[in-house]
Amino acid sequence: MKIMMKDGSIREAGFEEELGRNAFRHTTAHILAQAVKRLYPDTRCAIGPSVAEGFYYDFDFRFRFTEDHFAEIEAEMRKIVKENLQLKHFHAGRQEAMQAMEERNETYKMEILKALPEGEEISFFKQGEYVEMCAGPHVAYTSAIKAFKLLSVAGAYWQGDEKNRMLTRIYGTSFPSGKMLEEYLDRLEEAKRRDHRKLGRELGLFALSEEGPGFPFFLPKGMILKNLLVDYWRKIHAREGYVEISTPVILNRQLWETSGHWEHYKDKMFTTMIDGADYAIKPMSCPGGMLVYKMEPRSYRDFPMRVSELGLIHRNEKSGTLHGLMRVRCCTQDDAHIFMTQEQVQDEIKGVARLIDEVYTHFGFRYHVELSTRPEHSIGSDADWEMATDGLKSALEDLHLPYVVNEGDGAFYGPKIDFHLEDSIGRTWQCGTIQLDFQLPQRFGAEYTGEDGKKHRPIMIHRVVFGSLERFLGILIEHFAGKFPLWLSPVQVKILPISDKYREYAIETERVLQKAGLRCEVDGRAEKIGYKIRSARLERVPYMLVIGQKEMETGSVSVRRRQEGDLGNMPVGDLLEMLRKEGIQEGKIA
C-alpha cells in the first residue's frame, strides 16, 4: 500500500506492518466521519484515531445516536470507498485553519487549534468534499479500504475530562479483505463468550456492585482462585530468596511528595485528611518499601536484597475506563523491590525475567517484550536515565529476548521492560514489568555501607509478575473460558448421587477425596441425574462422579471428565491416582 505521511511523502507499507495498519484504519475513521457529515451535516467532529484493533471517532450529534444508525452509515461509507477518492495532503497557517474550521462550525477542531502555538503550520488531509485537520498517516485512495464494520457506541468525555461535554464514540474495525474481517468478527464473538464479567457471575467467582464502582467483591469460589495464585506466588518467591513485607494503605502527604507521586501522580490518587493533615491511599507500594529499607543500617553484604509485597493499592481511575477485573480502582499488586549494587543489576534483571517466563509458561501463555523509555514528565538526570535504559537493554540482549522499543512510555522515575502475554484467542495483555530506578533511593536518601567502608546509594528494581491479582484472574478466566485446569478449579470434583439413598456413600466418597487434598462437593438435590450432570458442566467442573447402586456395592465411582465425557467405572483409589498424575496442586497446564 502507498502511505501518505504528514510531510506529504509517500512510503510503501503492508497491512501486516504497524505503519500500514495504522494508516489503513486511520483512513477508515476519516471515511466514517465523511459519511456522518454527509448524512447528518449538523454533527460536529472531534477526533478519530486508529487503535490496537481498529479505530474510533468521537462525534457531537444533534440527536440521540444509537447502533440502529450503523446500517445507514455503513452504506454511505461503501459509497465513499467506491468513489475511489484520492487523499490529498496540504498545510495551512493557524489563522487560516481557524477560519476554515469556523466556517464548518467544527468547534472541537477550533479548540484544538487554539491550544497550538502561534505561527504553527497545520497539517490537513482532504478526500472529496471532506477536509480533516490531521497528521496522518493515510492510504492514498479510499478504494483501498476493502472491508470494514462499525462495532459499538460508547460515551466519551471531550479530551477525557469529566467536566466537558459527553460525546458519542463510534468504534469500528477494517481489513484488506472480507475473509480477514470475518475471522476477526468470529474472534470477537468468542471473546464475548469468554467475557470474564459474564463468567465471573455465572461461576460465582466475583461480583460488581453499584455501591462500589471499580471495587470488586470476591465470592467464596473466587477467593479459592485468588488464594491459589497467592500460594503459588509465595512458594516461588520464597524459593528465589525474597522476604515478604506488608506496608500501610494510607500514608501522609510528605511521603508522596518525597517520592514524586504528589506532583506526578496525584490525579490518580485518593486523598483524605487525618488530624488536619493531608494523607493519600497508596496507588503503589514502593514508597512504603523505601521506608522499610531505611529502618535499619544496610551493608553490601545484604545485597541483593529482594523484598516482596502483596500490596492493596487504590487508583482513581475514570469511571468510563472501568472494566470488570481488568481495570479497577482497588487491586492487589504483586509488587517486589530489589536493592542492589551497580555490579548486580544485570544478574537481577535477568533473574526477574526468568521468573516471569517461568510463571507465564506455567499458565500456558506466550508473550512478547517491550522496552519503554523516558516519558515527557519525569525525574532524574539524563545520565541516570541513559544508564538505566542501557542496563535494561543489555539484560534483554544477554537473555536473547527479542523486544521492541516503546518510546516515552516509561515510569516517571525510570525506564521499564513490559511483558505482554498472549491468551488462547490471540489477545495480548500487559502484565509483568521490570523497572530500573536510580531516583527513589536518591530522593529518600537510602544508603548502604560498601566493601570500602563508605556510604553508597543502592540501585532499585521495581517489578511485578502477575501485575495485579485481579487483572491476572480476569485474564485467566477468559483464557480458559472458565474451564480451569484441575489444580486451579475452585471445585475439582462434583459428586452426583442418582437418588437420596446413595447420599451417605456420596458423602463418604467426598471425605476420602477431601482427605487426599481435593476440593469437592456433593450435589444432593432431588433432581434427575441428567439435570445434575448438565449443572456441573455449566459450572465447568473438571470431574463428575455419578453414584448409584453398582458404585455403592463395589466401592467405585462412575467417572465423567469435563471434556471427554464418560470414562467408565473405576475404584476410588484408581481415580485418586489418575488425578494425582494430572496434578491436584500446581499441576502442569497443557
Side-chain angles (χ1 to χ4, degrees), residues 247 251-269 280 282-294 298 300 303-307 309 311 313 315 333 335-350 352-353 369-397 403-419 430 432-448 450 454-464:
T247 60
L251 293 162
N252 70 17
R253 173 176 176 168
Q254 184 180 349
L255 174 84
W256 302 109
E257 287 179 334
T258 301
S259 69
H261 288 86
W262 198 267
E263 178 184 357
H264 295 276
Y265 207 77
K266 188 173 182 292
D267 61 336
K268 286 285 188 78
M269 295 165 67
K282 69 177 180 183
M284 50 191 72
S285 298
C286 28
M290 289 301 312
L291 295 184
V292 171
Y293 177 88
K294 290 185 64 181
R298 307 293 178 183
Y300 74 95
F303 291 169
M305 180 178 168
R306 305 184 186 112
V307 184
E309 178 174 9
I313 65 168
R315 294 179 180 176
Q333 198 172 59
D335 218 340
H337 301 101
I338 303 173
F339 300 91
M340 63 208 156
T341 65
Q342 176 71 51
E343 295 74 27
Q344 294 168 330
V345 168
Q346 293 294 309
D347 284 344
E348 289 306 304
I349 293 171
K350 288 189 280 188
V352 174
V369 176
E370 289 183 1
L371 174 63
S372 298
T373 59
R374 187 174 190 172
E376 183 180 351
H377 300 291
S378 59
I379 57 177
S381 69
D382 291 345
D384 282 351
W385 273 88
E386 184 177 353
M387 189 185 305
T389 305
D390 288 345
L392 294 178
K393 282 181 181 176
S394 297
L396 289 171
E397 286 160 8
Y403 66 92
V404 295
V405 176
N406 188 2
E407 294 286 356
D409 200 42
F412 70 84
Y413 48 78
K416 59 178 180 168
I417 299 170
D418 288 329
F419 292 77
Q430 195 273 309
T433 188
I434 305 172
Q435 301 171 359
L436 191 55
D437 184 3
F438 290 78
Q439 308 311 319
L440 281 194
Q442 181 175 325
R443 292 174 77 96
F444 277 88
E447 294 180 335
Y448 71 92
K454 297 178 181 178
K455 296 294 183 183
H456 299 270
R457 189 85 64 211
I459 297 171
M460 182 180 185
I461 284 176
H462 308 248
R463 46 110 293 192
V464 293

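Only a predicted model underlies this, so the values are computations on that prediction, with no experimental measurement involved.
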From CA spacing to verdict: salt bridge (Lys or Arg N to Asp or Glu O under 4.0 Å), Glu397, Lys393: CA-CA 6 Å; Glu397 286 160 8; Lys393 282 181 181 176; over 6 Å; no
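- Ring centroid separation for the pair Phe412 and His377 does not come in under the 6.0 Å cut-off.
- Applying the salt bridge (charged side-chain N to carboxylate O under 4.0 Å, His left out) test to Glu447 and every residue at least two apart in sequence or in another chain returns nothing.
- The shortest side-chain heavy-atom distance between Ile349 and Ile417 falls under the 4.5 Å cut-off.
- Within the 4.5 Å cutoff, no side-chain heavy atoms of His337 are placed close to those of Arg306.
- Distance alone, capped at 3.5 Å, places no donor-acceptor pair between the Ser285 side chain and the Asp335 backbone.
- Between His261 and Trp256, the ring planes are perpendicular. Angles over 60° get that label, and only those under 30° would be called parallel.
- Of the possible donor and acceptor atoms, one in the side chain of Arg457 sits under 3.5 Å from a partner among the backbone N and O of Ala446.
- For the salt bridge (Lys or Arg N to Asp or Glu O under 4.0 Å) condition, the pairs that include at least one residue of residues 373-382, sequence neighbours left out, are Arg374-Asp382.
- Relative to the ring axis of Phe303, Arg298 does not place its NZ or CZ within 45° and under 6.0 Å from the centre.
- A distance-only check finds a donor-acceptor pair linking the side chain of Asp437 to the backbone of Leu440 [under 3.5 Å].
- Counting heavy atoms from C-beta on, the side chains of Tyr293 and Met305 come closer than 4.5 Å.
- Inter-residue side-chain proximity for Phe444 and Lys294 is flagged as met; some heavy-atom pair is nearer than 4.5 Å.
- When atom types are taken as modelled, the side chain of Arg315 and the backbone of Lys268 share no donor-acceptor pair closer than 3.5 angstrom.
- Residue-environment remark: CD (Gln430) exceeds the threshold of 12 foreign heavy atoms within 6.0 Å.
- In terms of modelled atom types and a separation under 3.5 Å, the side chain of Glu386 and the main chain of Ala383 share no donor-acceptor contact.
- Between Lys282 and Glu309, at least one side-chain nitrogen of the basic residue sits less than 4.0 Å from a carboxylate oxygen of the acidic one, meeting the salt-bridge criterion.
- Take Lys266 and apply the salt bridge (charged side-chain N to carboxylate O under 4.0 Å, His left out) test, not counting sequence neighbours, and it matches no residue.
- Side-chain atoms of Gln346 come within 3.5 Å of backbone N or O of Ala395 as a donor-acceptor pair.
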